[in-house]
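Shown next, in structure tokens, is the structure this report addresses.
Labels below follow one simple rule: chain letters A, B, ... track the order of the sequence lines, proteins then strands, and each chain is numbered from 1.
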There are 2 protein chains.
Amino acid sequence: MKPKLKDLAEKSGYSITTVSRALAGYSDVSPKTRERILQIATQLGYEPNSLGQQLRLQETRTIGMIIPANDESFSNDFFTQLMMGVGNMASLHRYDLLISAQSTGEEEMQAYRRMVGGRRADGMILARTRRSDPRIVYLKSQQYPFAVSGRAAPDEQTDFPYIDVDSQAGIRMLVEHFVSLGHRHIGLILPPPELAFTDYRHAGYLEGLEKAGIIYRPDYVVHGNLLRSGGYYGTSQLLDENPEITAVIACNDLMALGAMSAIQGQGRRVGLDIAVAGFDDIPSAEYSHPTLTTIRQPIYEIGQRLVNMLLSLIKGHPLEDNQILLTPTLMVRDSSGGKRV
Amino acid sequence: MKPKLKDLAEKSGYSITTVSRALAGYSDVSPKTRERILQIATQLGYEPNSLGQQLRLQETRTIGMIIPANDESFSNDFFTQLMMGVGNMASLHRYDLLISAQSTGEEEMQAYRRMVGGRRADGMILARTRRSDPRIVYLKSQQYPFAVSGRAAPDEQTDFPYIDVDSQAGIRMLVEHFVSLGHRHIGLILPPPELAFTDYRHAGYLEGLEKAGIIYRPDYVVHGNLLRSGGYYGTSQLLDENPEITAVIACNDLMALGAMSAIQGQGRRVGLDIAVAGFDDIPSAEYSHPTLTTIRQPIYEIGQRLVNMLLSLIKGHPLEDNQILLTPTLMVRDSSGGKRV
DNA sequence: TTTGACATCCAAAACGTTTTGGATTAAGAT
DNA sequence: ATCTTAATCCAAAACGTTTTGGATGTCAAA
């Protein structure tokens with residue numbers, strides 16, 4: 001049977017209080033007894049029961065995160081990279097990660113209620129903000145510490161702590177890049193409309209076109225599911241319906257990889273025939289063929305900084321800056337192709 | 001303030017016991033009072049405190065997993081895929097995942113003691129068995145439920161529940177495949193010697209060579225760190241010291257991808273000049289250039305089955321089969337190149 | 001009228017910990 | 001001899017839940 005404080009107390013002849021305080025190193029207990037108790041503790045292999053501690057201290061030293069349980073998402077570099085950033089920084093602060101895989105919907109909200117209302121974590125980290133995001137509404141109503149990767153949509157109120165990348169600027173840079181290479185017919189594969197960052201990326205597209213004096217054509221824009229499949233079908237549709245398109249911008253790298261498959265599946269060359277760009281700069285972007293032009297977003301680092309933000313929130317420390325907007329950088333690679341004539 | 005049972009009791013006029021049993025749906029409490037209590041509960045937004053429940057029930061409905069905190073491991077497809085398999089199956093059974101990122105060593109063992117001794121999880125899932133693995137020794141000594149991806153080394157005792165793939169057969173298949181293409185000089189990049197599966201893979205290499213009547217040359221074998229960098233340096237070393245080598249087998253896909261970079265960095269062609277193969281069949285293997293010949297190991301599915309195994313163990317159900325050895329399958333892709341003349 | 005069965009409720013214990021607010025003793029100061 | 005001070009210890013409460021083992025009241029059967 002696993003020893004508890006009571007066992008140490010009986011074996012040592014001291015009270016539970018004294019044993020507890022001896023182990024915690026209080027000056028309350030004489031060196032001799034402390035040593036004796038410590039010795040008994042190691043002898044019995046005592047390890048404090050976390051639940052007892054957490055209940056008493058009202059602190060779990062755990063950060064919660066609910067990730068999409070989509071079957072395809074095991075190839076979802078974005079979430080895994082974010083999680084690794086979160087996990088590593090958390091572990092540096094001696095926090096653990098409580099993770100629940102749920103697909104968007106009522107079940108997901110239940111998971112939040114269990115984790116937050118059930119006080120299983122001291123704070124939550126969210127990703128992929130949605131329009132009028134019910135998760136954020138809930139967390140705010142509970143006055144629970146949380147930090148988000150991604151601000152609210154442009155027409156909504158962003159009164160919560162977040163880190164985001166200026167994706168409007170990012171997409172604009174991609175458009176400018178393609179325009180500078182001579183492209184005039186540029187397709188765009190947007191994320192699903194219910195995601196908050198979709199409008200920013202769309203706005204960046206519009207901005208880029210306008211600066212170049214290119215007229216916006218709504219049929220050059222489709223939506224995809226942010227996975228490879230979405231990029232594949234989006235690109236097929238774009239190219240079938242608008243054969244004059246020479247460049248495709250996908251709003252994340254996974255879709256861009258799917259776009260490359262679609263193009264190559266039609267027997268055309270990525271870069272030379274159709275230029276492709278993505279967004280995120282996940283590891284595979286550098287290793288794809290051809291290598292993928294993209295907008296670098298430091299996902300791993302964002303995960304780390306979200307943890308620091310959240311821990312300040314949890315501890316009630318004043319936050320110097322709880323709404324951070326990073327400027328992304330353009331990574332030009334082979335999928336851009338060369339200059340058009 | 002978050003409402004607790006006591007608040008519901010006071011507001012409803014019933015005792016804590018009755019409130020608790022009403023919410024749990026016992027036939028103990030009259031329909032009228034149950035309804036009244038339920039109504040108050042939703043009105044106040046009651047959510048039971050998990051810690052209280054866990055402490056009382058001595059059950060956390062949580063599965064623990066400690067993953068490597070290596071900085072480079074955010075690109076570690078193996079662990080993320082395993083985690084996703086574990087996470088999704090766990091969530092199907094309404095279990096959550098407690099994750100701690102730790103690098104191998106004393107800190108890692110401390111994390112195990114905190115999680116296991118502290119009773120923060122009902123069972124653990126391990127991966128990458130090591131020689132005389134201290135984690136397994138510890139878990140056995142604690143008689144704690146656990147399931148492992150990967151059995152013990154051939155010369156050690158495997159008296160614990162695991163799922164593994166017959167990697168000796170896998171590597172042998174790769175050797176046979178390359179031999180059938182006309183290769184006689186095949187390099188091998190092994191995992192670090194302290195990992196349990198290293199010997200199996202080495203044995204498969206020997207077996208394949210012997211069947212083909214090729215003499216074993218120790219200088220054709222090097223060790224790598226299971227990351228891209230390991231494959232890169234291993235391959236460079238192999239090719240520099242043994243220019244006659246025409247094929248390289250890396251013991252996982254990540255190293256194989258690094259191997260391809262090394263070969264291409266020397267201005268040579270993967271497949272045509274030097275054939276390359278990996279092990280695992282991670283998603284990137286299918287999208288690399290050229291696509292990677294490899295041994296398919298159903299990592300995601302193994303994660304799922306480990307959860308089922310672990311849950312049986314936790315619940316004390318009899319396990320039909322607690323030591324599972326899967327047969328891997330050869331995936332021939334472009335990095336094999338064609339037949340030699 | 002008594003008995004038994006049933007429906008409905010609840011006080012208290014238990015899970016394992018930390019902390020509060022003293023109690024006790026011994027030594028030193030007056 | 002009395003008062004302070006310091007050193008060492010501990011009983012009990014609290015964190016929030018579930019379950020045990022009754023208690024109480026009602027109603028029908030004997």
Side-chain angles (χ1 to χ4, degrees), chain A residues 1-38 40-41 44-62 113-122 142, chain B residues 1-38 40-41 44-62 113-122 142:
Chain A
M1 203 33 222
K2 195 175 157 316
K4 44 185 176 176
L5 281 185
K6 199 175 161 204
D7 301 319
L8 300 198
E10 279 165 8
K11 179 127 182 174
S12 68
Y14 293 99
S15 74
I16 290 183
T17 304
T18 302
V19 172
S20 171
R21 298 185 72 82
L23 295 177
Y26 280 88
S27 65
D28 234 9
V29 17
S30 88
K32 253 169 287 182
T33 51
R34 183 203 329 288
E35 200 172 344
R36 176 85 189 104
I37 288 173
L38 244 45
I40 293 181
L44 296 190
Y46 173 75
E47 191 75 29
N49 179 303
S50 255
L51 296 177
Q53 291 182 314
Q54 292 178 31
L55 186 58
R56 166 67 223 224
L57 298 176
Q58 297 289 79
E59 182 200 40
T60 63
R61 291 195 83 81
T62 300
R113 281 193 289 270
R114 276 206 315 274
M115 219 179 252
V116 171
R119 293 291 183 270
R120 301 197 61 186
D122 294 341
Q142 299 288 308
Chain B
M1 205 31 224
K2 192 174 157 321
K4 44 185 178 175
L5 281 185
K6 199 176 160 203
D7 300 319
L8 301 198
E10 280 165 8
K11 179 127 182 175
S12 68
Y14 291 100
S15 75
I16 290 183
T17 303
T18 302
V19 173
S20 171
R21 297 184 74 81
L23 294 177
Y26 280 89
S27 65
D28 233 9
V29 18
S30 87
K32 254 169 286 182
T33 52
R34 182 202 332 288
E35 201 173 341
R36 176 87 189 103
I37 289 174
L38 242 46
I40 292 181
L44 296 191
Y46 173 74
E47 191 75 28
N49 180 302
S50 255
L51 296 178
Q53 291 182 315
Q54 293 177 32
L55 185 57
R56 168 64 225 227
L57 299 176
Q58 297 289 79
E59 180 200 41
T60 63
R61 292 195 81 82
T62 299
R113 280 193 289 269
R114 276 206 314 274
M115 222 180 251
V116 171
R119 293 290 184 272
R120 299 197 61 187
D122 293 340
Q142 299 289 308

For the pair [X] (side chain) and [Y] (backbone), establish whether a donor and an acceptor sit closer than 3.5 Å, ignoring hydrogens and angles.
X: B:Arg34; Y: B:Tyr26; answer: yes
X: A:Ser20; Y: A:Ile16; answer: no
X: B:Lys2; Y: A:Gln142; answer: no
X: B:Asp122; Y: B:Glu59; answer: no

To the nearest 10 degrees, how far apart in direction are the end axes of the helix from C:dT1-D:dA30 to C:dT30-D:dA1, each fit to five base pairs?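 Between the first-five-pair axis and the last-five-pair axis there is 70°.
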Check every strand shown and say whether [X] touches a base, only sugar-phosphate, or nothing at a heavy-atom separation below 4.0 Å.
X: B:Thr17; answer: base
X: B:Asn49; answer: sugar-phosphate
X: B:Arg119; answer: nothing
X: A:Ser30; answer: sugar-phosphate

Should the heavy atoms of other residues, nucleotides or ligands under 6.0 Å from CD of B:Gln58 be counted, would the total exceed 12?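 More than 12 within 6.0 Å, yes.
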For the side chain to side chain contact (heavy atoms under 4.5 Å, CB included) test, which of B:Thr18, B:Val19, B:Leu38 pairs with B:Ser12?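 Testing B:Ser12 for a side chain to side chain contact (heavy atoms under 4.5 Å, CB included) against B:Thr18, B:Val19, B:Leu38 leaves exactly one candidate, B:Val19.
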Residue whose nearest DNA chain D nucleotide is more 5′ - A:Arg34 or B:Tyr26: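 So the residue in question is A:Arg34.
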In Å and rounded to the nearest 0.5 Å, what is the OG to CG distance from B:Ser50 to A:Leu55?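 Reported value, rounded in 0.5 Å steps: 11.0 Å.
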Spatial distance of atom CZ (B:Arg119) from atom CD (B:Gln54) [nearest 0.5 Å]: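 These two atoms lie 13.5 Å from each other.
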Would you say the side chain of A:Arg120 lies within less than 4.5 Å of the side chain of B:Thr62, judging by non-hydrogen atoms?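 Heavy-atom side-chain distance check passes, below 4.5 Å.
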Is any side-chain N or O of B:Thr33 closer than 4.0 Å to OP1 or OP2 of C:dT8?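 No, because none of the side-chain N or O atoms of B:Thr33 sits under 4.0 Å from OP1 or OP2 of C:dT8.
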Just the endpoints, please: which first and last nucleotides of DNA chain D, 5' to 3', lie under 4.0 Å from a heavy atom of chain A?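 Range of nucleotides within reach of chain A: D:dT8 to D:dG16.
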Between B:Leu57 and A:Asp28, which residue's closest nucleotide on DNA chain C lies nearer the 5′ terminus?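 The residue closer to the strand's 5' end, by nearest nucleotide, is B:Leu57.
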Of B:Thr18 and A:Lys4, whose closest DNA chain C nucleotide lies nearer the 5' terminus?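 Whichever sits nearer the 5' end wins; that is B:Thr18.
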